> 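Structure in structure tokens, see below.
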Amino acid sequence: MVHFVIIGAGECGARAAFALREKGFSGEITLVGAEPLAPYERPPLSKTGSADPKFIVTAERYAENGIRLLTGLEARDFDTSSKTVTLSDGTSLSYDRLLLATGASARSFPGAPEDSRHIRALRTHHDAMALRDAMKPGRYIAIIGGGFIGLELAATARLLGADVTVIEGLERVLKRGVPEEIAHLLAERHRAEGVDIRCGVSIQSLSEGGGKALIRLSTDEVIEADLALVGIGARPNVEIAERAGLAIDNGIAVDTYLQTSAPDVFAAGDCCSFPLSIYGRRVRLESWRNAQEQGTLAAANMLGLDEAVSAVPWFWSDQYDMTLQISGLAEGATTHQRRELGAGAFILFHLDADGRLIAASGIGPGNAVARDIRLAEMLIAARAHPNPAALAASDIKLKSLLAA
């Protein structure tokens, strides 16, 4: 019987497994995950209020769909000639087609001690539970990195009563991918909630002693924290692909159909970079929706349906009662237009030199920006050149620009 193997039991891998069944695949499916838990949602990890993971589906659903789920086992190597995968327990799996959905890992701080109780990153449910235990009234949390993860955790920690300092080496928070107007608004909200945000500050060393994390700044000031959270980005998990001789380019390099440089081997999600025609360049995305969409797309292409990557990137972040949503990639924009939505919500529309809409960034309470960001996403996908004045005019419906 034909056997498809999926390495990586996260959002992308689980979505691919079920999509294969939904698309009519009747062969064997094996889903291999290194963590002991069944696949669970990653976004709730930065909202560490619950001790229970949010599983993508119930355990029974895998059996009902004929998906063999192997947890607590790491895929160590695979051989493209013999089409076999070697697992950490010494067993091997033969595959007809293989999907690498290995995700990404949190970047560690250079020189910091490993396996420290007082210095953590956030990537797994186990990490989230360690952070949850530390986020209590009277505890002091230092967060290294003012990106999405760092600020979401800062908000969570404050809501749970902990004192928080955020240390960012660049001149402002959310420097990568978020417009300054929105980043400034979020930073001010954090400060109003009591978060100490320090930007343009470098760290000499990160160590531990006396039951504390010790953060020595370039000014020689030493910050002592009950816990230091390192949130300085993620790196794609490409090691198994490298050992198999696959092409690597800011992740596992795939073509527009998510095919790697090896026959019958695909890659999807955070671990891979791919050409995105709407921007004319290769990109790698770390987002929940991209993992879902590429899991489904990889399943289609493992079945020979030849469906190309075309989705417009979309990201979101919840902090306090504020939601940030970004559609598209603003790199390459030369101008932007601001549309006021009321109640403090607004959207920035990013245009390139030719007047094409390439991205939209919105922020507001709750779902205030969701509908218009969705419409902006449709305009971006259509490669529209909307009238800039119409984008800024809140009395002109964005939907009307789709027909223009």
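All figures in this text were calculated on a predicted structure; none of them were measured in a lab.
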> Between Val32, Thr86, Ile7, Thr84, which is the residue that forms a side chain to side chain contact (heavy atoms under 4.5 Å, CB included) with Leu93?
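Single side chain to side chain contact (heavy atoms under 4.5 Å, CB included) partner of Leu93 among Val32, Thr86, Ile7, Thr84: Val32.
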
> Is Asp226 salt-bridged to Lys212, going by a charged N under 4.0 Å from an acidic O?
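Here Asp226 pairs with Lys212 in a salt bridge, since their nearest N and O are under 4.0 Å apart.
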
> From the options Leu206, Ile119, Thr165, Val201, select the one residue that forms a side chain to side chain contact (heavy atoms under 4.5 Å, CB included) with Ile215.
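One option only clears the test, and that one is Leu206.
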
> Centres of the Phe4 and Tyr95 rings: under 6.0 Å?
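When the ring centroids of Phe4 and Tyr95 are compared, they turn out to be at least 6.0 Å apart.
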
> Charged N to carboxylate O below 4.0 Å: is that the case for Asp249 and Arg282?
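A salt bridge links Asp249 with Arg282.
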
> Look at Asp264 together with Lys83 and state whether they make a salt bridge at an N to O cut-off of under 4.0 Å.
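A salt bridge is present here (some side-chain N lies under 4.0 Å from a carboxylate O).
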
> Less than 4.0 Å between a side-chain N and a carboxylate O, is that true for Arg15 and Glu22?
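The answer is yes: the pair qualifies as a salt bridge.
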
> If the threshold is 4.0 Å, N to carboxylate O, is there a salt bridge linking Lys175 and Glu171?
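Yes, this pair counts.
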
> Does Glu208 come within less than 4.0 Å of Arg117, counting only side-chain N to carboxylate O?
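Judged by the 4.0 Å cut-off on N to carboxylate O distance, Glu208 and Arg117 do not form a salt bridge.
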
> Which pairs, with at least one residue in residues 291-327 and sequence neighbours excluded, count as a ring pair (Phe, Tyr, Trp, His ring centres under 6.0 Å)?
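Matches after skipping sequence neighbours: His190-Tyr320, Trp288-Trp316, Trp314-Trp316.
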
> Can the ring centres of Tyr62 and Phe18 be said to be less than 6.0 Å apart?
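Between Tyr62 and Phe18, the centre distance is under 6.0 Å.
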
> Is Glu377 paired with Arg289 through a side-chain N to carboxylate O contact shorter than 4.0 Å?
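A salt bridge links Arg289 with Glu377.
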
> Any salt bridge (charged side-chain N to carboxylate O under 4.0 Å, His left out) involving residues 339-367? Give me the pairs, sequence neighbours left out, ordered by first then second residue.
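Qualifying pairs, neighbours excluded: Arg338-Glu340, Asp352-Arg356.
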
> Determine, for Arg42 against Asp270, whether the closest basic-nitrogen to carboxylate-oxygen distance falls under 4.0 angstrom.
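Looking at Arg42 and Asp270, the cut-off is not met.
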
> Can you name the residues that form a salt bridge (charged side-chain N to carboxylate O under 4.0 Å, His left out) with Arg191, not counting sequence neighbours?
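By the salt bridge (charged side-chain N to carboxylate O under 4.0 Å, His left out) rule, Arg191 matches Glu188.
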
> Are the charged groups of Arg374 and Asp372 less than 4.0 angstrom apart, N to O?
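Here Arg374 does not pair with Asp372 in a salt bridge, since their nearest N and O are not under 4.0 Å apart.
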
